[in-house]
Amino acid sequence: MNLSVNIAGVELKNPVMTASGTFGSGKEFEQYIDINRLGGVIVKGVANKEWLGNPSPRIAETYGGMLNAVGLQNPGMEVFIKEDIPFLRKFDTKIIVNVVGRTISDYCEVAERLQNEDVDLLELNISCPNVKEGGVAFGISPQMAEKITNEVKKYAKQPLIVKLSPNVTDIAEIARAVEAGGADAVSLINTLIGMKVDVHKRQPVIANKIAGLSGPAIKPVAVRMVYQVAKAIRIPIIGLGGIMTGEDAIEFLMVGASAIAVGTANLLNPRATMNILDEIETFMKTKKIRDIKEIIGIIE
Amino acid sequence: MNLSVNIAGVELKNPVMTASGTFGSGKEFEQYIDINRLGGVIVKGVANKEWLGNPSPRIAETYGGMLNAVGLQNPGMEVFIKEDIPFLRKFDTKIIVNVVGRTISDYCEVAERLQNEDVDLLELNISCPNVKEGGVAFGISPQMAEKITNEVKKYAKQPLIVKLSPNVTDIAEIARAVEAGGADAVSLINTLIGMKVDVHKRQPVIANKIAGLSGPAIKPVAVRMVYQVAKAIRIPIIGLGGIMTGEDAIEFLMVGASAIAVGTANLLNPRATMNILDEIETFMKTKKIRDIKEIIGIIE
Amino acid sequence: MCVDKNVGRSSCKIIYNNQIAEGVYEIVFESASISSLAQPGQFVNLYSSIGSRLLPRPISICEVNTKEQWVKLVYAVVGDGTKEFSMLGKGQTIDVLGPVGNGYEVEACETSILVGGGVGTPPLLELAKRIEGKKLIYLGFRTGSYLVEEFKKYGEVQVATDDGSEGHHGTVITLMNQNNADGQRIYACGPKPMLKALQQWAGERNIRAQLSLEERMGCGFGACVGCVCKIKAKNELGYTYKKVCKDGPVFDAKEVLF
Amino acid sequence: MCVDKNVGRSSCKIIYNNQIAEGVYEIVFESASISSLAQPGQFVNLYSSIGSRLLPRPISICEVNTKEQWVKLVYAVVGDGTKEFSMLGKGQTIDVLGPVGNGYEVEACETSILVGGGVGTPPLLELAKRIEGKKLIYLGFRTGSYLVEEFKKYGEVQVATDDGSEGHHGTVITLMNQNNADGQRIYACGPKPMLKALQQWAGERNIRAQLSLEERMGCGFGACVGCVCKIKAKNELGYTYKKVCKDGPVFDAKEVLF
Ligand SMILES: Cc1cc2nc3c(=O)[nH]c(=O)nc-3n(C[C@H](O)[C@H](O)[C@H](O)COP(=O)(O)OP(=O)(O)OC[C@H]3O[C@@H](n4cnc5c(N)ncnc54)[C@H](O)[C@@H]3O)c2cc1C
Ligand SMILES: Cc1cc2nc3c(=O)[nH]c(=O)nc-3n(C[C@H](O)[C@H](O)[C@H](O)COP(=O)(O)OP(=O)(O)OC[C@H]3O[C@@H](n4cnc5c(N)ncnc54)[C@H](O)[C@@H]3O)c2cc1C
Ligand SMILES: Cc1cc2nc3c(=O)[nH]c(=O)nc-3n(C[C@H](O)[C@H](O)[C@H](O)COP(=O)(O)O)c2cc1C
Ligand SMILES: Cc1cc2nc3c(=O)[nH]c(=O)nc-3n(C[C@H](O)[C@H](O)[C@H](O)COP(=O)(O)O)c2cc1C
Ligand code: FES
Ligand code: FES
């Protein structure tokens, strides 16, 4: 049984990765899972400098989903390079760095700094709904998305994935723009923008008021967008949004994703990725699928 | 305790309505609920002529939600006028007609035909994701949305609500456009576009492939959009999307909706609107709120 | 006691819920209203108690007892919802709405033919009870059988199985042909291929057949227009969409466009 | 038997789950790993079995028995999740992950002061068991009390209630002042206003105090950075955000910025 897939020249041993921001850099998961089994680890967002993040509360539960407004709290790239890369390199898995910034040059600075670091892929996060600066604006305009991709490409030594926002009218248009800008792959979806009110306290549950909606509730939107993007571009797609089970993962592969990432499910059960891998393998065995690539994009 | 609210000059006895397409014209509900208690009934989409709708399967279950691709099956306005208006007029509630069309003149034709009919409000549906023709395109472009609103206004005798699509980058922009076009109110949200794949059969679950996602899963997106639109326009808002309980309804009122509509919940329990009304009344009693208008838009 | 109103979605107490064949369960619950209102061929909506599974699971009414106020259903475990139901036990409750749908029109005649396939057999039981005259009952299963003894109380039962594990080895249709089955009315419920074959069978013999159809449902009581099937119509297309949950599930075989 | 690894989210069998005060429940479940690993001040994540409620409910560990391999928690019903838990019974299971968090640093000294408020009292029980030396235990409640008898086994207990229904009429802080409470270490868990007042109280007397904080959680084991609180830092802002679930829930009072 062959589960390996290829994303922009990087061979993943299987299509199961962890979604940025839901796995830290893996340290919290080491005691629960065998990180070696993962196709790749997409680490939490890394900026050029330390970001403090948003005030609390940052989390709310919604029906079948959750809201978060962490605001990309991270200690900055130097700490990441010093602490997280050596930790992850102990494992036989690919390292994908989620890059965040406020300005194009912030992003470029991170890409440049990572040039000679032991990192397999970069993921450009232009779609975080929880920070006012830059991030979002780049993800919702095709012109801006193309431009930032193009600029960062000049500094990136590793292949570049661009992570798309679902909060747009036409995601295929944005995908085409980043493809034109030189992206080597796209990942989608980031969180939908949502809000929740505490009707007793008469205030938003989240300090930041608006927040990112993730979890199984959003899966149908994510599947639809991956499907639409797969019809629009030729570079590989990493599909994510609400994946909880092996069958969820297979849905994304069937509509055209070459790999998938598990997000919220990690938070609800640290062993989620292992279960999903097991379920994919069982599915393939039962259906006599010898190579996972047989089912990628089989939905017309 | 005063629950009445005013939408574009029409006084509703309470803010609880039924969402278009989830209540038919009420006939299926007569045996389960007292239709007189409803603030208003928004009937299923009505076109100038009979629409056949989409092939089966039209429905799928998703995590905390559902997909539908009914495709606005309806017998056309003449049947509606002959059968449904007289039925609904037996009850002491407002009648709101959801108007659908393929071209601007289709919409205008329905508005014109209803001029002298006993109908309280029109709701222009420019946001149904399940029909290829017209509908969607009008809802995702501010220019088109303004134009169609403006045209239909010329024929409409009743005040005009425009129903907005959530599948856009900037819903506030569309809301401002329809306000400029002369809309008397807006309602939001219609369904998110989603998709589901049957991994065993290797095909989309819904014959139409893509479909509209509704139910509690989408509530955070709906609340956020109502909040954003409330900050952007001055005409009243009807809030909907995933309302299952009285507290859900109150969330929408608090972020700025003057009334709400119950959709998917009707399908899951035909008495949903009655329970929601009871829960709103209990909430008001417990919190000593004398007039429902006290809490409309209290979230900054 | 007789209840004359469908009371909507309500919680019903389970009397028992037992496996009667591999992956097939029989559930009996208390309901004054459903037991007194139910007509053969109607169904009920069962609801999950897991918040993430919202839609109704339509299950045909197999048998009711108006006096003892219970309702019996037979269902196969095919997915998460029916699996959840299968784990319920005596004394627990389940949310139910019904009876819903347009059942069989029971017509008096000399010989009626009842044809059931798989979990399409249960709804024929209450029907068999209520039809007068001679009844030829053909029951088809993939493997094994269930409810056969119950059916024997009301008519002459013939069983066919796909794997030959019981009765005739083959489909109910080949069995009917083999037996030269003859009657004035056909009542059927089962998988689409069986119904399609029966439509032809009945058409050739000019026998009125009533078929019970299935479709995915959004509400199960006529509100969403989600569960439609193609019914012949005199328009350009030759068909129109009708609701399985409200206009059906039982349709005249002549009307159905498969 | 001793288990040296946190086994992740797993299903635990409930030994009992009883109401011990108005809206307050005591649940005891089996877990070899949690009972052997737990440190005072650590907590576990409880999970709903309703698919629509996904997030963990963090509940402090009240008491464990390593030999009998059980874990006791005490929780108040405040919302849908805790309401669901309250309906579970003996023999049923519940999904649990833990122990998680950074508990109290137990320091030997002559007199320790333990201060609990409401459902902040339970975690102090296992702590009281494990601290050596004299223990002054102050427990505050809105009305009534619970666990008081258990605490009496380990130290001198004083109770305060907001409504005067039991013990001192007022807060634990006023009670402590009244008693001229004195000691070298303070361990506290309870509502924010109580902790804030204690921070000041301890600061004025220069006593080291450890406070257990609460925050809404996304994962409860350090992965999401969702549960942060403000901890003093030498940067421009004067603070940084630390994770309550991992860096805490117990922090030194001197570090916390309320
Ligand atoms: C009018 C009517 C009467 C029925 N009576 C019975 C009965 O008496 N006994 C019985 O065992 N089953 C009956 N069914 C089928 C039953 O409703 C489905 O098997 C059930 O809803 C599946 O639920 P699930 O959650 O277990 O499966 P899911 O996980 O939802 O789906 C599993 C499989 O079941 C199929 N399915 C799902 N929903 C439906 C549906 N509404 N109609 C048809 N197929 C569906 C899907 O195609 C899927 O492949 C009836 C269906 C209808 C429409
Ligand atoms: C480290 C830690 C230890 C805890 N220990 C205990 C304990 O031993 N006993 C106990 O009864 N409670 C304890 N709590 C609080 C408990 O986690 C919440 O009461 C519970 O999660 C509420 O769940 P619910 O579904 O019933 O309420 P929800 O419907 O989710 O919310 C109801 C109310 O509870 C509050 N709440 C929700 N989640 C949290 C949370 N994570 N932290 C604080 N408040 C919250 C909300 O503000 C809301 O007003 C602890 C919390 C933390 C963070
Ligand atoms: C707590 C949390 C933090 C996140 N942080 C990031 C981040 O730093 N960078 C990023 O690109 N996406 C971030 N995301 C988005 C996820 O990577 C993912 O795109 C989204 O949650 C949808 O997938 P899911 O439904 O499987 O969680 C975060 C999501 C969550 C829930
Ligand atoms: C089965 C179904 C049919 C619908 N038909 C219509 C329609 O005819 N016109 C319309 O404007 N919206 C239609 N909608 C959208 C709803 O009115 C509503 O906007 C949407 O479902 C979100 O609300 P909810 O989550 O409460 O269902 C339909 C929704 C469903 C589920
Ligand atoms: S299922 Fe809703 S109309 Fe039939
Ligand atoms: S709750 Fe996720 S890091 Fe603390």
Side-chain angles (χ1 to χ4, degrees), chain A residues 18-33 44-45 50-75 196 198 200 205-207 211-212 214-217 242 244 263-272 274-275, chain D residues 4-11 33 37 45 47-48 50-58 78-81 95-101 192 213-231 233 235-248 257-258:
Chain A
T18 57
S20 180
T22 64
F23 198 73
S25 288
K27 280 181 201 136
E28 282 75 20
F29 290 81
E30 196 184 5
Q31 63 176 320
Y32 299 116
I33 68 170
K44 63 174 181 228
E50 180 180 2
W51 284 21
L52 204 66
N54 289 323
S56 275
R58 292 176 171 184
I59 300 282
E61 185 175 67
T62 69
Y63 204 105
M66 67 179 281
L67 288 168
N68 92 81
V70 168
L72 298 173
Q73 176 172 345
N74 79 91
K196 182 176 178 176
D198 184 325
H200 302 285
V205 173
I206 303 252
S214 64
M244 299 282 279
T264 300
N266 287 311
L267 309 180
L268 311 178
N269 183 351
R271 288 191 53 78
M274 300 295 109
N275 297 344
Chain D
D4 63 353
K5 201 169 167 287
N6 182 324
V7 294
R9 178 171 171 161
S10 50
S11 174
S33 60
L37 292 172
N45 289 330
Y47 300 89
S48 165
I50 302 294
S52 51
R53 278 199 282 279
L54 296 170
L55 299 186
R57 270 62 183 172
V78 299
D80 289 338
D95 269 21
V96 186
L97 178 145
V100 266
K192 208 175 262 187
L213 307 185
E214 284 197 7
E215 196 43 72
R216 281 165 189 277
M217 297 199 172
C219 66
F221 58 90
C224 73
V225 206
C227 61
V228 295
C229 60
K230 281 186 185 165
I231 295 295
N235 58 18
E236 316 91 83
L237 286 161
Y239 65 86
T240 185
Y241 286 122
K242 292 229 170 168
K243 302 175 197 169
V244 168
C245 75
K246 182 102 201 246
D247 304 314
L257 207 68
F258 281 109

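Chain letters run A, B, ... following the sequence lines, proteins first, then strands; residues in each count from 1. Bear in mind that the values here come from a model prediction, so they are computed numbers and not experimental data.
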What is the distance from atom CE of A/M66 to atom CE of D/M217, rounded to the nearest 0.5 Å?
12.5 Å
Heaviest contributor of heavy-atom pairs below 4.5 Å to chain A, chosen from D/S52, D/C229, D/C219, is D/S52
Which atoms of A/N74 come close to chain D, meaning under 4.5 Å heavy atom to heavy atom: side chain ones, backbone ones, both, or neither?
neither
How close do D/G226 and A/R58 get, heavy atom to heavy atom, and via which atoms?
O-CB, 3.4 Å
Which heavy atom of A/S56 sits nearest to which heavy atom of D/C227, and what is that distance?
OG-C, 4.5 Å
When D/V228, D/D95, D/T240 are compared by non-hydrogen pairs under 4.5 Å with chain A, the top option:
D/V228
Can you check whether A/N269 reaches D/Y47 side chain to side chain, under 4.5 Å on heavy atoms?
no
At a 4.5 Å cut-off on heavy atoms, which part of A/S25 comes close to chain D: side chain, backbone, both, or neither?
neither
Below 4.5 Å from any heavy atom of chain A, which atoms of D/L54 appear? Answer side chain, backbone, both or neither.
both
Top contributor to chain D interface from A/G24, A/P57, A/P216 [non-hydrogen pairs under 4.5 Å]
A/P57
For D/A223 and A/T22, work out which heavy atoms get closest and say how close.
CB-O, 4.0 Å
Contact part of A/A60 toward chain D, heavy-atom cut-off under 4.5 Å: side chain, backbone, both or neither?
backbone
Exactly one of D/R57, D/R53, D/R216 should register a salt bridge (charged side-chain N to carboxylate O under 4.0 Å, His left out) with A/E61. Which one does?
D/R57
Steps toward side-chain contact (heavy atoms from CB on, under 4.5 Å) verdict (A/K27, D/K246):
CA-CA 12 Å; A/K27 280 181 201 136; D/K246 182 102 201 246; 5.7 Å; no
Which bit of D/V100 comes within less than 4.5 Å of chain A, counting heavy atoms only: side chain, backbone, both or neither?
side chain
Measuring heavy-atom distances to chain D, does A/Q31 have an atom under 4.5 Å in its side chain, in its backbone, in both, or in neither?
both
Most heavy-atom pairs under 4.5 angstrom with chain D, which of A/G215, A/P55, A/A217?
A/P55
Nearest heavy atoms of D/L97 and A/Y32, plus distance in Å
CD2-OH, 3.7 Å
Minimum side-chain heavy-atom gap D/C224-A/N68 below 4.5 Å
no
Work out which heavy atom in A/L268 is nearest to a heavy atom in D/R9; give both atom names and the distance.
O-NH1, 3.0 Å
Under 4.5 Å from a heavy atom of chain A, the part of D/L237 involved:
side chain
Determine, step by step, whether A/N54 and D/Y241 satisfy the side-chain contact (heavy atoms from CB on, under 4.5 Å) criterion, reporting the C-alpha distance in whole Å, the side-chain angles of both residues, the deciding distance to 0.1 Å, and the verdict.
CA-CA 9 Å; A/N54 289 323; D/Y241 286 122; over 6 Å; no
Under 4.5 Å from any heavy atom of chain D, what part of A/F23 do you find: side chain, backbone, both or neither?
backbone
